[in-house]
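In this chain, residues are counted from 1 in sequence order. Here the structure is a predicted model, which means the values were calculated and not measured.
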Amino acid sequence: LTGYSLLLESVHSQYGEYKDSIPLATQDSGLTISLWIWYEAVADNVSNTILSKAAPDSDSTKILLAVTCVNEHFQFQFNSIDGPEEIFLDGICALLTNSWHHLAIVIQFDSPTWLFSLYIDGYLVETLPIPAFRDESGRLFLGATPTLQNFNELRNYFDGFIHFMFFSSRVSSSTIYCSIGCGEALWINDDNTNLSLSFSYNSGILTISGPSPESEYENLMNSLFYINTEDEPQFMEQGIVYQVSDGVSSSAAEQVKITLVVINDYPPELNLGDFDGNFQTVFLEESSPVSLVDSANFSLTDRDTVAFDYVVTVTILDSQQSQFEEVLRVSNTSSHISVTYDNFTLTLSGYSSISEFSLILSTITYQNLANEMRGDSRTVSFIINDNSE
């Protein structure tokens, strides 16, 4: 399932169906199911089938495989050589809500045991030993499953989105073989080779091995992709090192440098100290400056991890005096950040990290220099702009 995302709504009994009877895995090869998912329904006593595989069995239905969210819990049903089996994991589906998430289910034989492994967004969530997996031909359903009494009657419709689903029988004990998601990876776009391909997410090393002509290795290298699906990459440059060995000696290491261009896609978040993000304080006439933040609970953050051209404006909205009598000040200033005060507005601007702006803004104070103050309150607004569109 590629291209457009599949939107499924249970109120309209929507689902997808692949009518050809197909096996998803060959004998003793294991199975990887990989997809992007956005799960919307977390309610009491509601089952949402992500996918299922079933076959008619006389006057009933034989469930061969099913991936289901039961409220916020995860249920996986499959066939083993001993008969039907079920895995139930508490709270897992709650991790698949509110945004896109990558889900990978891996069933593999890791001698002498069969293992079930579940990954969310590239991280291993659970791994369990299971009875020997057995695949059979059956019909594939997306977003629904047949009832046990009638193969042609469906139930447990899914609420949410499904995107880029694929199945693979090429699994190993150290990796999810997925072509999208799972953080940072190297991917070979060729499922027809007889060479062994193994990528470790822990070491970041892709290994290609096996007896084959030089031309096949060249073709594989021409189909090599670098993938980075991290929401906020930690490095702006990445190096890929190639090295070839014929079993006796190794070539010199050659390197490709990749520049990562980040997107400014999250707004800054400001909390002045109170539970609702605001703050209140008291200024005594003819006294010293008072802080406009609670230093113990103040925070200024931005999920975008690199520096941007930030502009911070702090404005006294309802002054009844001259701007020379009511003053906003900061300390901990930096050569990277300009600080100005004009027309009751303090402005901080410059290309720097959010942490540097936070350090300066945490020192902001208010002082009224008038001998006789006018009015009994002031409202001060804080606006943080990261110049995103």
Side-chain angles (χ1 to χ4, degrees), residues 23-39 42 47-53 63-97 99-136 162 164-187 191 196-207 227 229-231:
L24 298 177
T26 58
Q27 183 72 24
D28 297 330
S29 65
L31 174 66
T32 293
I33 303 170
S34 172
L35 68 150
W36 283 92
I37 184 171
W38 185 321
Y39 176 46
V42 179
S47 293
N48 280 246
T49 300
I50 300 171
L51 68 96
S52 66
K53 184 181 177 185
I63 304 297
L64 305 174
L65 184 148
V67 181
T68 307
C69 284
V70 183
N71 306 333
E72 72 271 23
H73 310 303
F74 177 87
Q75 182 185 49
F76 181 71
Q77 297 168 281
F78 66 99
N79 249 6
S80 76
I81 60 173
D82 299 324
E85 302 286 345
E86 178 184 299
I87 296 172
F88 196 87
L89 301 174
D90 290 338
I92 295 299
C93 286
L95 304 176
L96 304 175
T97 61
S99 64
W100 283 107
H101 295 277
H102 184 261
L103 176 67
I105 299 165
V106 179
I107 302 171
Q108 64 190 83
F109 181 67
D110 189 7
S111 182
T113 308
W114 280 84
L115 293 176
F116 163 89
S117 299
L118 179 69
Y119 296 81
I120 295 178
D121 296 329
Y123 295 97
L124 179 63
V125 175
E126 186 66 78
T127 184
L128 299 168
I130 59 173
F133 175 69
R134 180 183 177 185
D135 190 28
E136 299 180 31
I162 295 174
F164 209 113
M165 177 186 292
F166 77 87
F167 306 90
S168 174
S169 60
R170 302 179 61 176
V171 295
S172 69
S173 59
S174 61
T175 185
I176 312 166
Y177 191 81
C178 62
S179 62
I180 188 167
C182 309
E184 195 175 36
L186 295 172
W187 174 45
D191 278 339
S196 172
L197 307 177
S198 176
F199 179 75
S200 169
Y201 284 93
N202 293 326
S203 66
I205 296 176
L206 172 68
T207 303
I227 302 169
T229 58
E230 294 176 341
D231 189 36

Could you give me the CA-CA distance, side-chain angles and deciding distance for V125 and I92, then say whether side-chain contact (heavy atoms from CB on, under 4.5 Å) is met?
CA-CA 9 Å; V125 175; I92 295 299; 3.4 Å; yes
Can you list the steps and then say if L65 with L51 is a side-chain contact (heavy atoms from CB on, under 4.5 Å)?
CA-CA 8 Å; L65 184 148; L51 68 96; 3.5 Å; yes
Using side-chain contact (heavy atoms from CB on, under 4.5 Å), reason through F76 and L128 one step at a time and then give a plain yes or no.
CA-CA 12 Å; F76 181 71; L128 299 168; over 6 Å; no
Working note: E85 + I130, criterion side-chain contact (heavy atoms from CB on, under 4.5 Å); need CA distance, chi angles, decisive distance, verdict.
CA-CA 9 Å; E85 302 286 345; I130 59 173; over 6 Å; no
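Judged by distance alone, with hydrogens and angles left aside, the side-chain atoms of S80 form a donor-acceptor pair with the main-chain N or O of D82 at under 3.5 Å. Between the K53 side chain and the F78 main chain, no donor and acceptor come within less than 3.5 Å of each other.
Atoms CD1 and CD, from I63 and E86 in turn, are 12.0 Å apart once rounded to the nearest 0.5 Å. With rounding to the nearest 0.5 angstrom, the CD atom of E126 is 11.5 Å from the CG atom of L115. Annotation: the span from L96 atom CG to I120 atom CD1 amounts to 4.5 Å, rounded to 0.5 Å. The distance from the OG atom of S52 to the CG atom of L64 is 9.5 Å, given to the nearest 0.5 Å. For the atom pair CD1 of I87 and CZ of F116, the computed distance is 4.5 Å after rounding to the nearest 0.5 Å. Taking OH of Y119 as the start and CD1 of I33 as the end, the distance is 14.0 Å to the nearest 0.5 Å.
Side-chain contact between P131 and I81 is absent, with no heavy-atom pair separated by less than 4.5 Å. Side-chain contact check for H102 versus S34: some heavy-atom pair is nearer than 4.5 Å. L103 has its side chain within reach of I50: a pair of non-hydrogen atoms, C-beta onward, lies under 4.5 Å apart. Counting heavy atoms from C-beta on, the side chains of I105 and S117 never come closer than 4.5 Å.
Of all heavy-atom pairs spanning T113 and P129, the tightest one is CG2-CB, 3.7 Å.
Relative orientation of the H73 and F88 rings is tilted, given thresholds of 30° and 60° on the angle between their planes.
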